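Data block below; observations after.
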There are 2 protein chains.
Amino acid sequence: MPKPGSRLRLVDVAEAAGVSLATASRSLTGRDGVSEEVASRVRQVAASLGYVVNPYARTLAGGASSSVGLVVHQVDDPYFSEIAGGVIQVAGEQGLMVQICHSGRDPHYELRQIRHLIAQRVGVIIIAGSGYDDPRTEAETKAELTAFQNLGGRVAVIGRHALGVDAVLPDNEAGGFALGAHLLSLGHRHLAVAAGTGGLTTVTDRMAGVLRALRSLGLDPSSLPVVHTDFTRDGGCRAAEQILRDHPDTTAIIALNDAMAMGVLSVLRGLKISVPKKMSVVGFDDVSVAADLAPSLTTVRLPMTDMGRMALELALKPPSTRARRRSTGHTLVVRDSTGPPRR
Amino acid sequence: MPKPGSRLRLVDVAEAAGVSLATASRSLTGRDGVSEEVASRVRQVAASLGYVVNPYARTLAGGASSSVGLVVHQVDDPYFSEIAGGVIQVAGEQGLMVQICHSGRDPHYELRQIRHLIAQRVGVIIIAGSGYDDPRTEAETKAELTAFQNLGGRVAVIGRHALGVDAVLPDNEAGGFALGAHLLSLGHRHLAVAAGTGGLTTVTDRMAGVLRALRSLGLDPSSLPVVHTDFTRDGGCRAAEQILRDHPDTTAIIALNDAMAMGVLSVLRGLKISVPKKMSVVGFDDVSVAADLAPSLTTVRLPMTDMGRMALELALKPPSTRARRRSTGHTLVVRDSTGPPRR
DNA sequence: CTGAAAGCGCTAACAC
DNA sequence: GTGTTAGCGCTTTCAG
């Protein structure tokens with residue numbers, strides 16, 4: 001792959017503007033040390049010439065690294081593609097490149113990707129997706145990120161709290177509570193949970209909210225059936241089958257994300273178990289198709305696109321001594337997949 | 001954004017291997033001019049040291065530009081996120097960065113993005129998404145891409161044929177035919193089409209297939225109602241409303257992509273028009289949720305992820321004198337949204 | 001086949 | 001304030 005591109009260099013701009021290379025550079029980077037008058041003229045000339053800096057030269061020379069690394073579970077998972085959309089928006093506004101890679105929800109693979117990004121000299125790393133309950137798993141990642149930050153790199157994460165970096169935190173606990181409370185207030189007393197892979201903090205947090213809802217009504221959380229399968233549509237299928245088999249009196253299934261809820265619904269449909277008449281189902285996230293399922297899915301909406309935006313904006317701010325946290329808020333969206341329990 | 005990263009340089013590797021900088025460079029880039037013996041030793045040392053080249057320095061020095069620009073309509077549209085997934089996979093395997101940006105299906109905005117990518121010195125540009133019927137609209141883009149290629153850049157497109165570059169071409173015409181033929185063979189004689197924005201070649205091509213199916217049965221294509229609205233879920237809604245109002249005897253609606261089909265289904269559901277009993281509906285693409293809609297959607301499957309892979313692989317091959325074309329194939333996936341017409 | 005040296009285009013000290 | 005200059009880390013002629 002050769003090196004194409006416009007041949008216009010900063011020297012050309014400098015010449016055209018009748019200033020030195022340094023002055024031109026300062027003008028365009030917004031550094032001070034130039035009179036505003038000269039600076040704006042240089043910017044003028046650059047624009048009229050259609051000049052765009054060469055990011056490789058700029059970065060090599062010790063300037064801002066213009067690229068951000070984004071680690072997601074998978075871009076073609078709606079939850080992550082919406083987050084990616086937000087990150088890309090902000091990056092576009094700032095003229096930054098986004099280097100996306102997949103983690104596959106495998107902590108070791110994820111660590112490899114992070115190291116790769118660092119080796120590629122990205123200036124910012126954004127990691128989206130659940131963390132892991134096991135502190136040892138997170139420790140290595142945390143060490144790597146800390147080292148990266150000490151070298152001047154910036155990091156922000158979405159949906160993980162144990163990394164000691166700036167974080168955008170979805171309202172997982174509160175959303176779980178809202179879901180539980182909604183079902184309980186409808187009169188359900190035989191809930192079951194299709195939970196994602198054990199060990200994911202997202203799963204743990206959402207569960208915690210559900211349990212709190214139970215306790216808030218004086219119910220015994222320990223009697224709640226919780227089935228751990230993959231945090232995917234397929235996992236939802238298997239969880240539903242198991243719940244139906246082992247807990248036939250269940251009247252409402254809480255899937256801990258929308259993908260799982262889709263799996264649950266599909267099994268129920270296959271078995272001709274009517275939703276919500278015979279079984280209520282809720283999801284979590286409100287991915288864009290949730291409203292188009294039949295029945296449309298009651299779920300907790302998280303502002304995924306905004307979360308992506310917020311994360312990059314956080315990372316782009318001047319670093320602070322202690323990690324910042326931004327909570328996302330959530331909205332319970334009641335649709336057609338929930339109703340009162342069957343008689 | 002400062003410039004973090006590992007401090008290990010090629011000189012360090014060269015020193016450790018006891019060779020010169022030049023030899024080390026040649027060894028790692030795979031250039032010849034080094035004995036295979038020395039080369040492999042250098043690679044060995046580099047690997048054991050955990051050396052990774054600095055892509056900024058490499059690119060600046062005139063080496064391979066290691067980044068690929070990907071232009072999609074929107075990453076959070078499932079059709080494009082799956083394509084992006086394929087591109088990212090291949091890029092990951094090759095150690096390339098992917099810079100994604102949105103075109104928003106606006107030819108002028110798209111051109112701006114392309115120019116931006118070129119200015120950012122990407123080595124490869126992949127453009128996914130329909131082209132435009134108007135030759136003038138495409139001409140400017142084509143000129144820009146040709147200039148880019150003359151400077152050594154590589155380009156591949158997905159789903160457009162008028163750009164004179166390597167292309168991955170979805171089976172739009174044949175897929176349209178399959179959809180039309182399926183419905184006709186079911187006995188439908190009052191079809192209507194929810195077509196996307198006029199002016200998109202994808203729409204034109206899929207339509208052509210549908211019309212051919214009609215003609216192949218000796219039916220008059222000119223009597224087919226075709227409603228042009230946005231190529232989105234929302235467009236599908238509006239198209240459905242219009243079809244229902246202006247052509248009440250319609251028994252089957254062909255939506256020219258799955259997003260539109262979802263809109264159509266949602267209107268039908270709102271009106272309690274049973275699918276497929278009263279109305280059959282088909283889509284196009286087979287995005288992953290198509291199987292989860294209720295009723296599940298009959299559609300034409302396109303291998304989106306593979307299309308992304310193919311496009312980047314094509315672009316990474318040594319350039320050929322004339323543009324290459326790869327056809328994708330397609331599969332008609334019959335599900336529950338189609339059936340015989342109502343009596 | 002290997003090494004020395006000249007940049008790639010830009011930023012950041014360092015002078016003026 | 002503005003200009004001069006020395007690199008950033010790598011690839012690539014050009015010598016040997």
Side-chain angles (χ1 to χ4, degrees), chain A residues 1-43 45-46 49 51-67 95 118-121 123 151-152, chain B residues 1-42 46 49 51-67 95 118-121 123 151-152:
Chain A
M1 213 192 301
K3 197 196 73 176
S6 72
R7 310 263 114 238
L8 200 58
R9 293 155 315 157
L10 185 51
V11 222
D12 305 323
V13 175
E15 235 162 59
V19 295
S20 77
L21 185 58
T23 301
S25 171
R26 286 192 270 256
S27 305
L28 296 185
T29 50
R31 289 236 167 316
D32 47 32
V34 207
S35 66
E36 184 44 49
E37 190 186 342
V38 175
S40 76
R41 186 162 49 82
V42 173
R43 279 193 293 265
V45 173
L49 257 41
Y51 170 78
V52 181
V53 327
N54 181 325
Y56 299 97
R58 167 176 286 186
T59 304
L60 182 57
S65 156
S66 60
S67 99
I118 293 174
Q120 297 287 317
R121 273 69 171 181
L151 257 37
Chain B
M1 210 192 302
K3 197 196 70 176
S6 72
R7 310 261 117 238
L8 199 58
R9 293 157 314 157
L10 185 51
V11 223
D12 304 324
V13 176
E15 236 163 57
V19 296
S20 78
L21 186 57
T23 303
S25 171
R26 286 191 271 256
S27 305
L28 295 185
T29 48
R31 289 238 166 309
D32 47 33
V34 206
S35 65
E36 184 43 49
E37 190 188 341
V38 175
S40 77
R41 186 161 49 81
V42 173
L49 257 41
Y51 170 78
V52 182
V53 347
N54 180 327
Y56 299 98
R58 168 178 290 194
T59 305
L60 182 57
S65 157
S66 60
S67 98
I118 294 174
Q120 297 287 317
R121 272 71 171 182
L151 256 40

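Small disclaimer: the values here were computed from a predicted structure and weren't measured. Letters A, B, ... mirror the listed sequences (proteins, then strands); counts begin at 1.
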I need the [atom1]-[atom2] distance between [X] and [N], as an integer number of Å.
| X | N | atom1 | atom2 | value |
| --- | --- | --- | --- | --- |
| B:Asp32 | D:dT12 | CG | C1' | 13 Å |
| B:Leu28 | D:dG9 | CG | P | 16 Å |
| B:Arg58 | D:dT12 | CZ | C1' | 13 Å |
| A:Leu60 | C:dT11 | CG | C1' | 10 Å |
| B:Tyr56 | D:dG9 | OH | P | 14 Å |
| B:Arg121 | C:dC8 | CZ | C1' | 11 Å |
| B:Leu21 | D:dT11 | CG | P | 8 Å |
| A:Gln120 | D:dG9 | CD | P | 16 Å |

*In terms of side-chain geometry, is the basic nitrogen of B:Arg9 or B:Glu15 positioned less than 4.0 Å from the acidic oxygen of its partner?*
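No, this pair does not count.
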
Side-chain N or O of [X] less than 4.0 angstrom from OP1 or OP2 on [N]?
| X | N | result |
| --- | --- | --- |
| A:Arg26 | C:dT11 | no |
| B:Tyr51 | D:dC10 | yes |
| A:Ser20 | D:dT4 | no |
| B:Arg31 | D:dT11 | no |

Closest nucleotide among [options] to the [X] side chain:
| X | options | result |
| --- | --- | --- |
| A:Ala22 | C:dA13, D:dG9, D:dT2 | C:dA13 |
| B:Arg9 | C:dG9, D:dG9, C:dA13 | D:dG9 |
| B:Ala61 | D:dG9, C:dT2, D:dG3 | D:dG9 |

*Any side-chain heavy-atom pair from A:Val53 and A:Leu10 closer than 4.5 angstrom?*
no

If I take atom [atom1] from residue [X] and atom [atom2] from residue [Y], how far apart are they, to the nearest 0.5 angstrom?
| X | Y | atom1 | atom2 | answer |
| --- | --- | --- | --- | --- |
| A:Ser25 | A:Arg58 | OG | CZ | 7.5 Å |
| B:Asn54 | B:Leu8 | CG | CG | 11.5 Å |
| B:Arg26 | B:Ser20 | CZ | OG | 6.5 Å |
| A:Ser67 | A:Arg121 | OG | CZ | 11.5 Å |

_Exam field: side chain B:Thr59 to backbone B:Tyr56, donor-acceptor pair closer than 3.5 Å_ = no

Exercise: identify the closest heavy-atom pair between [X] and [Y]:
| X | Y | result |
| --- | --- | --- |
| B:Ala17 | B:Arg41 | O-NH1, 2.7 Å |
| B:Val42 | B:Ala24 | CG1-CA, 4.0 Å |
| A:Ala39 | A:Val34 | N-CG1, 4.2 Å |

*asked:* At 10 degrees resolution, what angle do the end axes of the helix from C:dC1-D:dG16 to C:dC16-D:dG1 form when each is taken over five base pairs?
replied: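 Terminal axis comparison yields 40°.
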
*Please list residues of residues 33-41 of chain A whose heavy atoms come under 4.0 Å from any atom in DNA chain D, ordered by number; otherwise none.*
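Within this stretch, A:Gly33, A:Val34, A:Ser35, A:Val38 sit under 4.0 Å of the strand.
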
_Can you work out whether B:Gly18 or B:Ala57 has the more 5'-proximal nearest nucleotide on DNA chain C?_
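The residue whose closest nucleotide sits nearer the 5' end is B:Gly18.
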
